[in-house]
Amino acid sequence: MDKILEAVMMSSYPNNVKQGLVRRVIEAIKQPMDSEQCWSMLELSTKLYLMGDTKFKREIGKEVLEVYGHYHPEEFEEFFNVRFLLSLLQEGYGPAGKRSLYVLDYIHLGLQFILESPSASDIFSLLRIEVLRKVCERPGPKQCAKISKLLSQHPQCVPTGKHQTLFCQQLIRCIGQFQCISEGEDDIMEFLDHVNKVSGLLQKIWRAQTSSILPSLKELFTIISSTEEQEAPSNALASVVQYVPLELMDGVIRNLTNDDSITDMQMMTAISRMIDWVSWPLGKNIDKWIIALLKGLAAVKKFSILIEVTLLKIEKVFSKLLYPIVREGALSVLLYMLLSFQHSHEAFHLLLPHIPRLVASLNKEDSNSATSCLEQLAELIHSMFFRFSGFPDLYEPVMEAVKALPIPNEDRIKHLLGQNAWTSQKNELACFYPRLASKSDTGKIGLINLGNTCYMNSIIQALFMASDFRHSVLNLTESNSQPLMTKLQWLFAFLEHSQRPAISPEGFLSASWPPWFSPGAQQDCSEYLKYLLDRLHEEEKTGKRIYQKLKESNLMPQAEERHYLNKTLIEKMFGGKMMTKIRCLKCLNVSSREEAFTDLSLAFPPSNRHMRLQSYTAVLPVEEIGPQIIEPPIKPQSQAMESPRRQRKHPVSGEPPVRLLPVETVGFQEAEGQATPFILRSDRDHVSLEAVKDPLLAFGEQTCGSEDSRSVPDLINYFLSPEVLTSENKYHCEKCASLQDAEKVAELTEGPHYLVLTLLRFSFDLRTMKRKKILDNVSIPLVLKLPVLVASEDSGEVCQNRNGFVSMVYDLCSVVVHSGVSSESGHYYCYARECTSTSASSQPGDGAQKSTSDKQMDFEIQWYLFNDTRVSFSSFESVSNVTSFFPKDTAYVLFYRQRPCKQSWAVHEAVSDAVRLHGDPSPSKDLMEAISKDNILYLQEQEKEARNRAAYISTLPKSPLWWRDFDRDKDDEGSSGGCGPAAGGGGSGSFHGLVF
């Protein structure tokens, strides 16, 4: 019978003919046969199954073996003996070099027919030893899958006792070496199936014997934490973790993070490789294990590991959001990594260039998975905006990309940030401020945030960029009577000469700290500025007069010299005077009082308040001078259109300068008879009476914002406009000796060199009993005219003069922005530029006008954005549009520098002559030595950190470049089907890149 079957299989007949002939042979062998004939047929069918060169031959061999197993069990059991199986497993079948790949399949086939035989126990014992030996030889995924299939169906063959633990560990070692070479999707799916069979066997063993779980996990951690392997272990190890019971998670993580024998290098390598597992498409709970280990490291304060790993891996995790099959797990890991990384903006800023493209891809996908991802991503992005505000130029493209997505409320954002922070003790992360390898490209130096000290940092940078004040401070001689000024001088000198990208203002903070401020809490930067200037002023008043050099150099006439020598530096730079007049409406008696100020606090007028014509003669209005720039000759309409989300406030070009908001400031004048009202307007201002009443009507589309939009001139005009004192607020007139209705008006009598304006955005809501913030957008003019009342003999002909008022011109030099909705929270950052006199040697002839070249210079002066340690280039356009794009980011404190005119020329001349005499300010010898030593120390720190970081990073696993995912998404926009980035689509290449 065996000869017949062999002849049929060797013949050239078609397979269907052969199949018919084999059917007859099979029917014949079902009949009783002698033992010798059975052995011959079993040998032939074994040869066909193990060495058949076609699938047809192997199937015929299998069919014959099954018939003998059913119809001739005794002969089959005798043939399928321990010695034969041992030979198959150890020596293989077939000639050397051509060993059969189907030995395990053959054994698996035969086992089902000998389960009840006396030899079964011996065969099981043999297999328990041999499968352990096999996995120690590190077979590939296909052979491991065959072993797993065999043991899954015949658990009697699974090694027991210590051998079982060793088997699990070695099987995990095998998985760690699995590689899928082919990029074909069918081959990849077959590979995944093999991996799942192997990991499924581990699950069954662990369920039956839980004591083998922890040794298996220990072996897994040994593999992924190894720093000596040339190649990173396979991501297929992710399939093992998914079957570890979650109830063991806390204990496992606690043991790992508290094991002193595990080095930081090994831990960082392990967590880096685990994070790569988010690419594994079929795993469950992998994200939970990754997050649990990250939380465990935070619990034992391994912040340096968390920082390195987050910065190294977060972009790769983010790129996996393109793929629906791994999106859920990748998003969970991304959410935790970003929401926990709260000490620095570095991790979030790494993702900024890629967010718009991802959002576009998810919108295009239009699936439930993509929609859910977009909503959670938007929540995450707004939480990061809230935590790391002060980067409007960087955030603008991202804000545009997510503008259509829902915005979470502040309570939700605080909840997310609060529950994911590494630690509630902010000082524990103080040493982990953003690593900056070198100074900003701007050449400017940042200030380290010492724990909610952005309010101080922004004020210091604004003062530092006030160049006249900075030069004066740096030129001072050290004085023991002015310790705070000396510390400010040291801080300014380090900001000027340090090589560090950012310095710590810790010493100055402790010296200038208002005693009622709570440590670690957010404070009001305006309140801090007032306290700081007052302290500096009082110190100088009680100590040595700093400007003695002005007297020695005879830079001023004696009268002016005496006047300025009586002033402190703060008074010279920031001091102004204001006259408050109250006129009784019954007897018309006027009482007046002059007060000094260092800043003007500007309240917001009621939203329904229109400009009213008063029954008094008008003084000069506060004016906004339209900035001048040179525009391209022709701009196509398509380029001029802006996003519908906001209307950009582009500078107005052309001549003459446009006064965007020519609103009058009214006062009163003692005159004979009744005063008559009039509107002050230049010949160029063709604005109707209705337009004056409603500025929005005057400018139409030029005006940005809603009907309640404001400008700085609006607020100043409101501040200077008359106030009626009546009802419960009547004025006690000394002449009438009774309470009378009266009018109160404020007039500026001396303009400060630096005009500081505080916009009173914070108020107390009696209805909710909470402090609230006015979020109205306020347009900020680059150049401002301010009416100042001067004596007639001082007015001269150098400034515009009407009724004793002159228009002093001020240039914007700094804007401190508050981001947030409350004075007790949020963040401060500062826009600033250096404003200097265009001509220090020639006295101006007209302080109200500038040449065209001077107007162009307003825009040529570089703006900078100071946000704690980060300093970047910016623009006046960014200053103007920050609130329209980020509604919670509002201008709060403004610094304007007075342009020289006759009344202020003494101070300007004194400052410019001091610069000519001394050149650029040079720190004292002791201060310069301190700066030099610190610069040397910084270079040594950089060298040490570079060496440590190089050693740290060199051991980390290498992985494919993460940005290829984005490039592939861009190239494969039209693909569909499979597991690609769009709608579950993508070709086999993208799938291979995802997993491997």
Enquirer: Does any part of the side chain of Lys302, heavy atoms only, come nearer than 4.5 Å to the side chain of Thr257, both counted from C-beta?
Expert: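 Sidechains of Lys302 and Thr257: no contact.
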Enquirer: May I ask you to test the Met274-Trp289 pair for a side-chain heavy-atom distance under 4.5 Å?
Expert: yes
Enquirer: Would you find more than 12 non-hydrogen atoms of other residues, nucleotides or ligands less than 6.0 Å from Glu328 atom CD?
Expert: no
Enquirer: Could you work out, with salt bridge (Lys or Arg N to Asp or Glu O under 4.0 Å) as the rule, every residue matching Glu43, not counting sequence neighbours?
Expert: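 None.
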Enquirer: Please step through side chain to side chain contact (heavy atoms under 4.5 Å, CB included) for the pair Ser119 and Asn81, ending with a clear verdict.
Expert: CA-CA 7 Å; Ser119 63; Asn81 59 67; over 6 Å; no
Enquirer: Return yes when atom NZ of Lys47 has more than 12 non-hydrogen atoms of other residues, nucleotides or ligands closer than 6.0 Å, and no otherwise.
Expert: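 Incorrect, the count does not exceed 12.
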Enquirer: When rounded to the nearest 0.5 angstrom, what distance separates NE2 in His354 from CG in Leu322?
Expert: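 Taking NE2 in His354 and CG in Leu322, the distance rounds to 11.0 Å.
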Enquirer: If you take all heavy atoms of Ser279 and Lys320, which pair is closest and at what distance?
Expert: OG-CE, 3.3 Å
Enquirer: Please name the pair of heavy atoms, one in Leu201 and one in Ser152, separated by the smallest distance, quoted to 0.1 Å.
Expert: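 What the structure gives for the nearest pair is CD1-OG, 3.8 Å.
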Enquirer: Where do Asp53 and Lys57 land on the salt bridge (Lys or Arg N to Asp or Glu O under 4.0 Å) test, with the steps shown first?
Expert: CA-CA 7 Å; Asp53 55 1; Lys57 291 180 179 180; 3.0 Å; yes
Enquirer: Any side-chain heavy atom of Asp276 sitting closer than 4.5 Å to one from Lys313?
Expert: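 Touching, per the 4.5 Å side-chain cut-off.
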Enquirer: Looking at Arg128 and Cys157, would you say the former's side chain and the latter's main chain have a donor-acceptor pair under 3.5 Å?
Expert: no
Enquirer: Rounded to the nearest 0.5 Å, what separation is found between the CG atom of Leu334 and the CD1 atom of Ile291?
Expert: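 Those atoms lie 10.0 Å apart.
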Enquirer: Are any of the side-chain nitrogens in Glu130 or Lys134 under 4.0 Å away from the carboxylate oxygens of its partner?
Expert: no
Enquirer: Tell me if a side-chain donor or acceptor on Thr210 pairs with a main-chain N or O of Trp206 at a distance below 3.5 Å.
Expert: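 Not at all, since once roles are kept as given, no pair shorter than 3.5 Å links the two residues.
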Enquirer: Would you check if Leu237 and Ile175 make a side-chain contact, meaning some heavy-atom pair closer than 4.5 Å?
Expert: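 Yes; the side chains approach each other to less than 4.5 Å.
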Enquirer: Donor-acceptor check, side chain of Gln169 to backbone of Pro215, threshold 3.5 angstrom: yes or no?
Expert: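 Yes: the side chain of Gln169 pairs with the backbone of Pro215.
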Enquirer: May I ask you to check whether over 12 heavy atoms, not counting those of Glu247, lie within 6.0 Å of atom CD?
Expert: yes
Enquirer: Using the rule given for side chain to side chain contact (heavy atoms under 4.5 Å, CB included), can you reason through Tyr93 versus Tyr102, listing the C-alpha separation, both sets of side-chain angles and the distance that settles it, and then say yes or no?
Expert: CA-CA 9 Å; Tyr93 188 92; Tyr102 303 99; over 6 Å; no
Enquirer: Report the distance from atom CG of Leu65 to atom OG1 of Thr46, rounding to the nearest 0.5 Å.
Expert: 5.0 Å
Enquirer: Taking the inter-plane angle between the rings of Phe80 and Tyr106 on a 0 to 90° scale, is it parallel (under 30°), tilted (30 to 60°) or perpendicular (over 60°)?
Expert: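 Taking Tyr106 first and then Phe80, their aromatic rings sit tilted (interplane angle of 30° to 60°).
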Enquirer: For the backbone of Asn235 and the side chain of Arg273, can you confirm whether one donor and one acceptor N or O come within less than 3.5 Å of each other?
Expert: no
Enquirer: Could you tell me whether the side chain of Met267 reaches within less than 4.5 Å of the side chain of Phe221, counting heavy atoms only?
Expert: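 Yes, at least one pair of side-chain atoms sits under 4.5 Å.
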Enquirer: How would you list, by chain and number, every residue that makes a side chain to side chain contact (heavy atoms under 4.5 Å, CB included) with Phe113, sequence neighbours excluded?
Expert: Glu66, His70, Phe76
Enquirer: For Arg327 and Ala370, work out which heavy atoms get closest and say how close.
Expert: NH1-N, 3.4 Å
Enquirer: May I ask you to check whether over 12 heavy atoms, not counting those of Phe56, lie within 6.0 Å of atom CZ?
Expert: yes
Enquirer: Can you tell me if Lys218 has over 12 outside heavy atoms packed within less than 6.0 Å of its NZ?
Expert: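 No, because the 6.0 Å sphere around NZ of Lys218 holds 12 heavy atoms or fewer from other groups.
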Enquirer: Tell me the closest heavy-atom pair linking Ser100 and Met51, and the distance in Å.
Expert: CB-SD, 3.9 Å
Enquirer: What is the distance from atom OG of Ser216 to atom OH of Tyr243, rounded to the nearest 0.5 Å?
Expert: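 Interatomic distance, Ser216 OG to Tyr243 OH, rounded to 0.5 Å: 14.5 Å.
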Enquirer: Given His163 and Ile129, is the side chain to side chain contact (heavy atoms under 4.5 Å, CB included) satisfied, shown in steps?
Expert: CA-CA 8 Å; His163 286 172; Ile129 296 173; 5.5 Å; no
Enquirer: With no hydrogens and no angle check, is any side-chain donor or acceptor of Gln266 less than 3.5 Å from a backbone partner on Thr263?
Expert: yes
Enquirer: With under 30° as parallel and over 60° as perpendicular, where do the rings of His154 and His108 fit, or are they tilted in between?
Expert: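 Rings of His154 and His108: perpendicular, as their planes differ by over 60°.
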Enquirer: To the nearest 0.5 Å, what is the distance between CG (Leu166) and OG (Ser212)?
Expert: 12.0 Å
Enquirer: Would you mind listing every salt bridge (Lys or Arg N to Asp or Glu O under 4.0 Å) that reaches into residues 100-117, with sequence neighbours excluded?
Expert: Asp105-Lys146
Enquirer: So does Ser369 get a backbone contact from the side chain of Ser372, meaning a donor-acceptor N/O pair under 3.5 Å?
Expert: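 Looks like no, no N/O pair under 3.5 Å.
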Enquirer: Counting only heavy atoms not in Asn368, do more than 12 sit closer than 6.0 Å to its CG atom?
Expert: no
Enquirer: Looking at Asn255, is its backbone amide N or carbonyl O close enough to the side chain of Asp259 to form a donor-acceptor pair, meaning the two atoms are under 3.5 Å apart?
Expert: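 Checking the backbone N and O of Asn255 against the side chain of Asp259, no donor-acceptor pair under 3.5 Å is found.
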Enquirer: Using only atom types and a distance under 3.5 Å, with no angle test, would you say the side chain of Asn285 pairs donor to acceptor with the backbone of Lys288?
Expert: no
Enquirer: Work out which heavy atom in Lys18 is nearest to a heavy atom in Tyr13; give both atom names and the distance.
Expert: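 So the two residues come closest at CE-O, 3.1 Å.
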Enquirer: Work out which heavy atom in Gln179 is nearest to a heavy atom in Ala232; give both atom names and the distance.
Expert: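 Gln179 and Ala232 have their closest heavy atoms at NE2-O, 4.5 Å.
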Enquirer: Can you check whether Thr222's main-chain N or O pairs, donor with acceptor, with Ser226's side chain at less than 3.5 Å?
Expert: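 No: the side chain of Ser226 does not pair with the backbone of Thr222.
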Enquirer: Mind running side chain to side chain contact (heavy atoms under 4.5 Å, CB included) on Lys142 and Glu190 for me, showing each step along the way?
Expert: CA-CA 9 Å; Lys142 183 175 289 187; Glu190 183 184 36; 4.2 Å; yes
Enquirer: Can you tell me how far apart SG (Cys144) and CZ (Arg138) are? Round to the nearest 0.5 Å.
Expert: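 If I round to the nearest 0.5 Å, the distance is 9.0 Å.
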Enquirer: Near Asp366 CG, under 6.0 Å, is it more than 12 heavy atoms from other residues, nucleotides or ligands?
Expert: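 Counting other residues, nucleotides and ligands, CG of Asp366 stays at 12 neighbours or fewer.
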Enquirer: Counting only heavy atoms not in Tyr336, do more than 12 fall under 6.0 Å of its OH?
Expert: yes
Enquirer: Got Leu111 and Leu127 here, is their nearest side-chain heavy-atom distance under 4.5 Å?
Expert: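 Contact flag for Leu111/Leu127 side chains = yes.
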Enquirer: Does the side chain of Ile205 come within less than 4.5 Å of Leu171's, by heavy atoms?
Expert: no
Enquirer: Is any side-chain heavy atom of Leu48 closer than 4.5 Å to one of Val64?
Expert: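 Val64 does not reach Leu48 side chain to side chain.
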Enquirer: Answer yes or no: is there an ion pair linking Glu27 with Arg24, defined by an N-O contact shorter than 4.0 Å?
Expert: no
